[in-house]
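Throughout, protein chains are lettered first and strands after them, A, B, ... in sequence-line order, and every chain is numbered starting at 1.
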Number of protein chains: 2
Amino acid sequence: MKIDPQKPADLSAQIAQAIRDAIVSGELIVDERLPSEAELSDQFQVSRPTVREALKRLAAQSLIRTQRGATGGAFVNRLSFEDAHSLQITTSTLLLSMNAVSFDTACEARYALERACAPLSAERRTADQLATMRAEIFRQAQPGLTDEAFCASDVAFHRALVDGAGNPVLSYQLAGAVEAMQPLMNMITFTARSREEIIALHTRLVDAIDAKNGSRAEHTLAELESYTRGLGRDVMATRIKATQGTGKKNGTLKTG
Amino acid sequence: MKIDPQKPADLSAQIAQAIRDAIVSGELIVDERLPSEAELSDQFQVSRPTVREALKRLAAQSLIRTQRGATGGAFVNRLSFEDAHSLQITTSTLLLSMNAVSFDTACEARYALERACAPLSAERRTADQLATMRAEIFRQAQPGLTDEAFCASDVAFHRALVDGAGNPVLSYQLAGAVEAMQPLMNMITFTARSREEIIALHTRLVDAIDAKNGSRAEHTLAELESYTRGLGRDVMATRIKATQGTGKKNGTLKTG
DNA sequence: CGATTTTATTTGTCTGACATTTAAAAGTCT
DNA sequence: AGACTTTTAAATGTCAGACAAATAAAATCG
């Protein structure tokens with residue numbers, strides 16, 4: 001674990017990278033304790049604040065955890081699916097909100113991924129997951145639900161669908177993509193009519209999953225995608241009409 | 001932007017979260033300059049090193065960038081697909097290496113995701129992407145290629161396939177999943193026979209994509225998945241036999 | 001007016017110190 | 001001897017003040 005002393009700037013970044021590499025390469029294993037900050041300062045020939053900045057960088061990625069006290073220190077953290085999941089959500093959410101990604105593009109990606117796990121979900125879903133899906137459909141049918149609450153329930157529904165595949169790697173990837181879409185979905189106004197339609201499609205979807213009919217589930221998802229993208233287009237058209245001549249921006253909902 | 005002064009520990013984490021929230025909520029927009037470290041120290045009533053630790057946490061997630069000099073400071077960074085992609089790769093790689101994820105599970109997830117974008121890729125792939133795929137197949141056929149080089153080419157091949165979908169969100173998600181699998185793939189010894197088989201499947205795959213035949217591409221991917229998972233099982237069986245009674249570990253390649 | 005120098009601002013780094021937490025070691029009492 | 005209490009040492013968390021380096025704007029000079 002060495003750093004280049006010739007490049008004076010960004011020492012903390014270099015140190016963080018050196019430690020990161022040591023973790024990735026297996027030189028440092030899970031739950032192993034790193035040298036104390038004082039020892040690291042000596043090793044890298046930098047001051048303790050610099051070492052601390054490096055450690056905070058790693059902590060931000062859940063690569064290490066710190067513990068105070070006599071036997072404390074920084075330990076290599078076992079990256080859990082939960083940690084990875086929440087990291088991915090913040091990343092994906094920001095990516096979508098800061099890069100003129102059209103609703104259409106994000107939607108296409110989301111449903112493409114989701115269709116991928118529909119057959120697996122149809123095959124393996126548990127009774128519990130089916131119950132969750134039906135419960136969310138019931139919630140979506142409640143009158144007086146805000147658009148945000150409707151979308152949140154939508155996310156929970158799809159989350160259960162994804163988890164049904166029984167593949168944690170898939171769940172981690174997909175749940176991130178689905179949840180990151182929520183802010184974009186929240187910008188859509190769901191009329192009573194469109195909610196009815198979505199609920200009907202959700203019902204057909206869970207019925208297909210229940211019946212272990214993967215291809216029907218996939219097909220229903222395709223319909224749901226098409227309908228959702230249509231809604232997005234309508235909302236966009238309305239916004240463009242409403243803002244014509246006013247010079248107002250469309251928020252983060254981009255055309256294209 | 002406030003922090004809770006009652007919780008004395010982890011001030012830097014609290015400050016980082018406060019700034020992160022301000023960015024996510026849109027209170028701070030892209031390329032906007034944050035207050036200087038001195039000003040932030042005043043605002044949050046903490047010392048400058050504490051503020052700096054918070055900023056480094058955000059820098060680790062590519063949420064801000066810093067610039068020295070008179071007009072320097074910390075700026076809200078536009079998270080690029082590239083940044084997000086590299087963040088996801090480190091996360092996914094560590095997740096797979098540190099959590100007894102079986103080769104089989106990871107493989108299933110990868111091919112499920114990849115199948116999702118095969119139809120889109122068949123429809124939209126550019127001539128350039130087709131050329132890249134064929135070039136990688138050619139490389140894979142070279143004799144004397146190490147397993148690592150073979151796998152790297154495999155990744156490049158699938159990367160081109162994914163990019164063919166012409167959906168940057170999908171590319172970002174998929175490329176992360178595919179690249180994160182590489183360390184696991186590297187543990188497989190590819191015999192001349194298995195390379196031949198994989199190359200044949202790759203060729204059929206690119207032919208299908210070339211012919212804009214999405215369902216055939218999807219089907220070929222399913223065959224590739226089945227073959228790859230079979231290889232993984234064989235390698236595992238061999239390892240178990242080889243290590244029986246010796247007490248040796250199987251590396252990160254887990255059964256089940 | 002153009003080129004150069006100065007200056008002010010800001011991040012990057014260092015030193016040294018103190019506070020807080022925590023577990024182990026030492027001590028004390030029964 | 002054993003259980004409880006106190007002390008101590010080690011580690012992170014935080015602070016204050018300082019200097020170095022980079023950088024662009026302002027001031028100066030030819």
Side-chain angles (χ1 to χ4, degrees), chain A residues 1-20 22-23 28 31-77, chain B residues 1-20 22-23 28 31-77:
Chain A
M1 244 174 11
K2 288 275 164 55
I3 58 171
D4 182 6
Q6 305 310 326
K7 276 190 163 184
D10 270 331
L11 283 176
S12 72
Q14 287 181 58
I15 293 169
Q17 192 57 51
I19 298 175
R20 202 191 331 270
I23 295 175
L28 291 169
D31 291 334
E32 186 170 334
R33 185 180 169 283
L34 272 67
S36 73
E37 295 175 357
E39 286 173 299
L40 288 172
S41 309
D42 277 356
Q43 277 187 34
F44 289 114
Q45 286 289 300
V46 297
S47 68
R48 196 159 82 95
T50 302
V51 167
R52 280 182 63 78
E53 286 177 12
L55 294 180
K56 294 312 168 194
R57 291 179 118 106
L58 299 175
Q61 294 176 292
S62 299
L63 280 165
I64 60 168
R65 60 177 187 278
T66 55
Q67 205 180 334
R68 293 222 275 194
T71 58
F75 297 83
V76 177
N77 197 30
Chain B
M1 240 167 21
K2 290 274 164 55
I3 59 170
D4 183 5
Q6 304 310 327
K7 277 188 161 182
D10 269 332
L11 282 178
S12 72
Q14 287 180 58
I15 292 169
Q17 191 57 51
I19 298 176
R20 203 193 329 272
I23 295 175
L28 292 169
D31 291 334
E32 188 171 333
R33 185 179 168 283
L34 272 68
S36 73
E37 294 175 356
E39 286 173 299
L40 287 171
S41 308
D42 278 358
Q43 276 186 35
F44 289 114
Q45 287 288 302
V46 297
S47 69
R48 216 183 118 215
T50 303
V51 167
R52 280 181 64 78
E53 286 178 11
L55 293 181
K56 295 311 169 195
R57 292 179 117 107
L58 299 175
Q61 294 176 295
S62 299
L63 279 164
I64 60 169
R65 61 177 186 279
T66 55
Q67 203 178 336
R68 292 221 275 196
T71 58
F75 298 83
V76 178
N77 197 28

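- What separates CD of B/E53 from P of C/dT11 is a distance of 16 Å, to the nearest Å.
- In terms of the side-chain hydrogen bond (donor to acceptor under 3.5 Å, both in side chains) criterion, residue partners of B/E37 (sequence neighbours excluded) are, by chain and number, B/R48, B/R52.
- In this structure, B/R57 has no salt bridge (charged side-chain N to carboxylate O under 4.0 Å, His left out) partners at least two apart in sequence or on a different chain.
- Residue B/T71 places no side-chain N or O under 4.0 Å from the OP1 or OP2 atom of D/dA24.
- Here the side chain of A/E37 is nearest to one of C/dC14, C/dT11, D/dG13, namely D/dG13.
- Here C/dT13 presents its C1' atom at 18 Å from NZ of A/K56, a figure rounded to the nearest Å.
- Toward the 5' end of DNA chain C, the nearer of the two residues A/S12 and B/E39, judged by each one's closest nucleotide, is B/E39.
- Judged by atom type and distance alone, A/R48 reaches the base of D/dT14 through a side-chain donor-acceptor pair under 3.5 Å.
- In this structure, A/A70 and A/P49 both approach DNA chain D, and ranking their closest nucleotides by distance from the 5' end singles out A/A70.
- Candidate nucleotides C/dA8, D/dT14, C/dT13 were compared by shortest atom distance to the side chain of B/L11, and D/dT14 ranks first.
- With rounding to whole Å, B/L34 atom CG is found 9 Å from C/dT11 atom P.
- In terms of the salt bridge (charged side-chain N to carboxylate O under 4.0 Å, His left out) criterion, A/R33 has no residue partners (sequence neighbours excluded).
- Between C/dT15, D/dA16, D/dA11, one nucleotide has an atom nearer to the side chain of A/S36 than all others, and that is D/dA11.
- Here the CD1-CG distance, from B/I23 to B/L34, works out to 6.5 Å after rounding to the nearest 0.5 Å.
- One interatomic measurement links the two molecules: CG of B/D42 to P of D/dG17, which rounds to 12 Å at whole-angstrom precision.
- Using a 4.5 Å heavy-atom threshold, the side chains of A/Q17 and A/R20 count as touching.
- For the segment residues 58-69 of chain A, residues with any heavy atom less than 4.0 angstrom from an atom of DNA chain C are, sorted by number, A/R68, A/G69.
- The distance from atom CG of A/L55 to atom P of D/dT14 is 13 Å, rounded to the nearest whole Å.
- Nucleotide C/dT15 holds its C1' atom 14 Å from the CD atom of A/Q45, rounded to whole Å.
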Would you be so kind as to tabulate the donor-acceptor pairs closer than 3.5 Å made by side chains of residues 64-74 of chain A, with sequence neighbours excluded?
unit_1 : atom_1 : unit_2 : atom_2 : d
A/R65  : NH1    : A/D31  : OD1    : 3.3
A/R65  : NH1    : A/V76  : O      : 3.2
A/R65  : NH1    : A/N77  : OD1    : 3.3
A/R65  : NH2    : A/D31  : OD1    : 3.0

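- Look at CZ on B/F75: it is 12 Å from C1' on C/dT9, rounded to the nearest Å.
- An OP1 or OP2 oxygen of D/dT12 is reached within less than 4.0 angstrom by no side-chain nitrogen or oxygen of A/R52.
- Residues satisfying the side-chain hydrogen bond (donor to acceptor under 3.5 Å, both in side chains) criterion with B/E39, sequence neighbours excluded, are B/S36.
- One atom, CZ of A/F44, and another, P of C/dG12, lie 19 Å apart when rounded to the nearest Å.
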